[in-house]
Every structure is written in C-alpha cells, then in structure tokens.
Amino acid sequence: MARKETDKSRIAPAYKKLLSTFGGQNWWPAETPFEVCVGAMLTQNASWGNVEKALANIRARGALSLAKLHAMPDEELAELIRPSGYFRLKAKRLKHLLAFLADVKGGKWRDFLRSLSLEKARETLLKVHGVGPETADSILLYSADMPSFVVDKYTLRIGGRCGWFPHGTKYEEARAIFMESVAKNVKVYNEFHALIVRLGANFCKTKPLCADCPLNSVCPKKI
DNA sequence: ATCCCGAAAG
DNA sequence: CTTTCTGGAT
C-alpha cells in the first residue's frame with residue numbers, strides 16, 4: 001500500500017492535546033538567563049534532579065554568576081558540578097561557554113545574541129566547543145527568548161512513534177519540521193518542548209505506557 | 001561506534 | 001544488576 005506513513009499535520013493537534021492534559025509547564029526552571037545557560041550545559045545526558053544538585057553546590061559557594069564561574073579553576077568547578085555527571089568534561093565545556101559570554105562587550109551577551117538573526121545566533125553558539133544543537137537551541141529559546149525549537153531524544157522517539165516524521169529522522173530535519181508545523185512563537189516552542197519531555201519521561205518511555213498515554217487517541221502507535 | 005560519569009529507577 | 005537521564009566530541 002502506498003499510504004502515507006508519516007504526516008507532520010499530526011503535530012499541532014498533539015500539542016493541543018498535551019497542553020490541555022498537562023497544562024503549562026512553566027519552563028525553564030531557573031532564576032536568570034545566565035542560570036539557564038549553566039543548566040543547559042549541565043543537563044547534557046543527565047537528569048534534571050542531578051543538575052539541581054550541581055546548581056545548588058554552585059549557589060552555596062556564592063558562585064552562580066558569570067564573573068565568579070569564569071574565574072574559577074576547572075578542578076574546583078568540576079567538584080561542584082560532580083552530581084550532574086561527566087563532571088571533568090562539563091567543567092571544561094562550561095568554561096568554554098563562559099569564555100564566550102564574558103567576551104561580549106559590556107556583559108550584554110543576551111542582547112548580542114538577540115541582535116543577530118536566529119540562524120546566525122545559532123551558528124555563533126554552535127562554534128562554542130561543547131555546545132551542540134540541543135544546547136544551542138535551549139539557550140536561544142529559554143535564555144534569549146528567541147524562537148528556536150528544541151529537539152531532544154524524546155522528541156525523536158515520540159515523533160517517530162506518533163508518525164510525525166519517519167523513524168531515524170535527524171535533529172536538524174526534525175527541528176525544521178516542528179518550526180513549519182506550529183506557530184513560530186517563543187511561548188509555543190517553550191511549552192511544546194517541555195510537554196514533550198514530560199510525555200517522554202512519564203509515558204512514551206523505552207517501554208511505552210500507551211494505555212494511559214494522553215496521545216493515545218491521536219497516535220498510530222508506530223512502534 | 002566509543003568515550004565521558006554520577007545518581008536513581010527499573 | 002542494567003538502564004536511563006531535558007548530549008556532544010572524537
């Protein structure tokens with residue numbers, strides 16, 4: 001049969017369903033735009049609970065600022081962020097991002113990013129060693145309030161299963177599909193990614209709980 | 001494909 | 001005990 005197996009038009013209805021079921025997720029859980037950047041680096045392949053422990057360690061040291069962290073030796077920073085995993089690696093990566101942010105004149109790194117076009121700002125962040133697509137998009141969306149859709153492991157898994165796009169679709173392609181499927185709007189991108197994370201963590205897991213899934217009625221269950 | 005790495009869930 | 005967690009570089 002030549003029936004179309006995937007259809008991005010399923011995306012917008014799924015968003016509505018998730019939002020009506022779970023409500024607004026109030027992301028990103030951080031006090032300041034800078035804290036979003038730190039959290040975005042630390043949460044790479046780590047659970048948020050462990051990232052919170054790392055952030056608490058930094059805060060307890062009174063070091064949750066660009067100047068303090070930038071000046072801190074790598075080994076000291078590594079010890080503080082130990083709970084978030086890959087601590088030696090992440091200390092170096094975080095320092096690379098801090099160096100980039102600190103290099104912006106007048107400390108206006110957020111204004112600088114916002115002065116660029118979305119794709120130019122994204123390219124600029126991707127040049128920072130340790131900042132990949134998801135981290136760059138997280139910083140753009142949740143720190144700079146720029147409309148860059150964040151894709152993650154859950155997004156690709158859910159999208160494949162729900163027939164939003166083919167299994168095996170890569171990051172950039174998935175991002176493009178989302179950005180042409182829902183309103184190009186910071187608030188929508190913010191909520192949608194957060195809702196996807198919640199769905200992926202609680203229902204669309206490796207072993208999916210389809211019976212209780214909020215998307216059960218709109219998912220072809222292409223597992 | 002492999003490495004980086006701790007913490008909690010399964 | 002094994003898998004997974006709001007990945008990225010080599």
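A, B, ... follow the sequence lines: proteins, then strands. Residue 1 opens every chain. Hydrogens, waters and symmetry mates are skipped; everything else that's a heavy atom, side chains included, is used.
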Which atom pairs, one a donor and one an acceptor, fall under 3.5 Å between side chains of residues 57-66 of chain A and the rest of the protein, sequence neighbours left out?
residue: A/N57; atom: ND2; partner: A/L80; partner atom: O; Å: 2.9
residue: A/R59; atom: NH2; partner: A/E35; partner atom: OE1; Å: 3.1
residue: A/R59; atom: NH2; partner: A/E35; partner atom: OE2; Å: 2.8
residue: A/R61; atom: NH1; partner: A/E76; partner atom: OE2; Å: 3.0
residue: A/S65; atom: OG; partner: A/K68; partner atom: N; Å: 3.2

According to the salt bridge (charged side-chain N to carboxylate O under 4.0 Å, His left out) rule, which pairs have a member within residues 77-91 of chain A, sequence neighbours left out?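 Every salt bridge (charged side-chain N to carboxylate O under 4.0 Å, His left out) pair that includes a residue of residues 77-91 of chain A, provided the two are not neighbours, is A/E79-A/R82.
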Does [X] have any side chain to side chain donor-acceptor pair (under 3.5 Å) partners at least two apart in sequence or in another chain, and if so, which?
{"X": "A/E191", "result": "A/K187"}
{"X": "A/D152", "result": "A/T155"}
{"X": "A/S115", "result": "none"}

Side-chain N or O of A/H96 closer than 4.0 Å to phosphate OP1/OP2 of C/dA9: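 Answer is no, no contact under 4.0 Å.
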Indicate whether OP1 or OP2 belonging to C/dT4 is found under 4.0 Å from a side-chain N or O atom of A/T206.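 Yes, A/T206 has a side-chain N/O under 4.0 Å of OP1/OP2 on C/dT4.
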How long is the line joining [atom1] of [X] and [atom2] of [N], in whole Å?
{"X": "A/L140", "N": "C/dT6", "atom1": "CG", "atom2": "P", "value": "21 Å"}
{"X": "A/L141", "N": "C/dT6", "atom1": "CG", "atom2": "P", "value": "17 Å"}
{"X": "A/K153", "N": "C/dT4", "atom1": "NZ", "atom2": "P", "value": "8 Å"}
{"X": "A/L97", "N": "C/dG8", "atom1": "CG", "atom2": "P", "value": "12 Å"}
{"X": "A/K170", "N": "C/dG8", "atom1": "NZ", "atom2": "P", "value": "14 Å"}
{"X": "A/Y154", "N": "C/dT6", "atom1": "OH", "atom2": "C1'", "value": "7 Å"}
{"X": "A/I139", "N": "C/dG8", "atom1": "CD1", "atom2": "C1'", "value": "13 Å"}
{"X": "A/L156", "N": "C/dT6", "atom1": "CG", "atom2": "C1'", "value": "13 Å"}

Tell me every residue that passes side chain to side chain contact (heavy atoms under 4.5 Å, CB included) with [X], counting only those two or more places apart in sequence or in another chain.
{"X": "A/I11", "result": "A/K8, A/W164, A/I177, A/F178, A/S181, A/V182, A/F192"}
{"X": "A/N216", "result": "A/K221"}
{"X": "A/V104", "result": "A/W109, A/F112"}

Cationic N near anionic O, under 4.0 Å, A/D145 to A/R114: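 Here A/D145 does not pair with A/R114 in a salt bridge, since their nearest N and O are not under 4.0 Å apart.
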Proximity to DNA chain C (any heavy atom under 4.0 Å), residues of residues 20-44 of chain A only: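 A/W27, A/W28, A/P29, A/T43, A/Q44 - these, ordered by number, are the residues of the stretch whose heavy atoms sit under 4.0 Å from the strand.
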Where along residues 185-205 of chain A does a heavy atom come under 4.0 Å from DNA chain C, residue by residue in number order?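 Contacting residues: A/V197.
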Check the side chains of A/N50 and A/S84 for a donor-acceptor pair under 3.5 angstrom, ignoring hydrogens and angles.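 No, no side-chain donor-acceptor pair sits under 3.5 Å.
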Ring pair (Phe, Tyr, Trp, His ring centres under 6.0 Å) contacts touching residues 30-79 of chain A (sequence neighbours left out):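 For residues 30-79 of chain A: A/W28-A/W48.
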Take atom C1' in B/dA1 and the same atom in C/dT6, then report the distance between them in whole Å.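 So the two C1' atoms sit 24 Å from each other.
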Could you give the distance separating B/dC5 and C/dT10 at their P atoms, to the nearest angstrom?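 To the nearest whole Å, 14 Å.
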Classify the nucleic acid contact of A/V131 as base, sugar-phosphate or nothing, counting any heavy atom under 4.0 Å across all strands shown.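 The answer is sugar-phosphate, as A/V131 gets under 4.0 Å only of primed atoms, P, OP1 or OP2.
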Polar atom pairs between nucleotides 5-7 of chain B and protein, under 3.5 Å, N or O only, would you list them?
residue: B/dC5; atom: OP1; partner: A/R88; partner atom: N; Å: 3.1
residue: B/dC5; atom: OP1; partner: A/L89; partner atom: N; Å: 2.9
residue: B/dC5; atom: OP2; partner: A/R88; partner atom: NE; Å: 3.3
residue: B/dC5; atom: OP2; partner: A/R88; partner atom: NH2; Å: 3.2
residue: B/dC5; atom: O4'; partner: A/Y86; partner atom: N; Å: 3.1
residue: B/dC5; atom: O2; partner: A/Y86; partner atom: N; Å: 3.4
residue: B/dC5; atom: N3; partner: A/Y86; partner atom: OH; Å: 3.1
residue: B/dC5; atom: N4; partner: A/Y86; partner atom: OH; Å: 2.2
residue: B/dG6; atom: N2; partner: A/N50; partner atom: ND2; Å: 3.1
residue: B/dA7; atom: O4'; partner: A/N50; partner atom: ND2; Å: 3.4
residue: B/dA7; atom: O3'; partner: A/K53; partner atom: NZ; Å: 3.1

A/E31 atom CD: more than 12 heavy-atom contacts under 6.0 Å: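 No, the 6.0 Å shell around CD holds no more than 12 heavy atoms from other groups.
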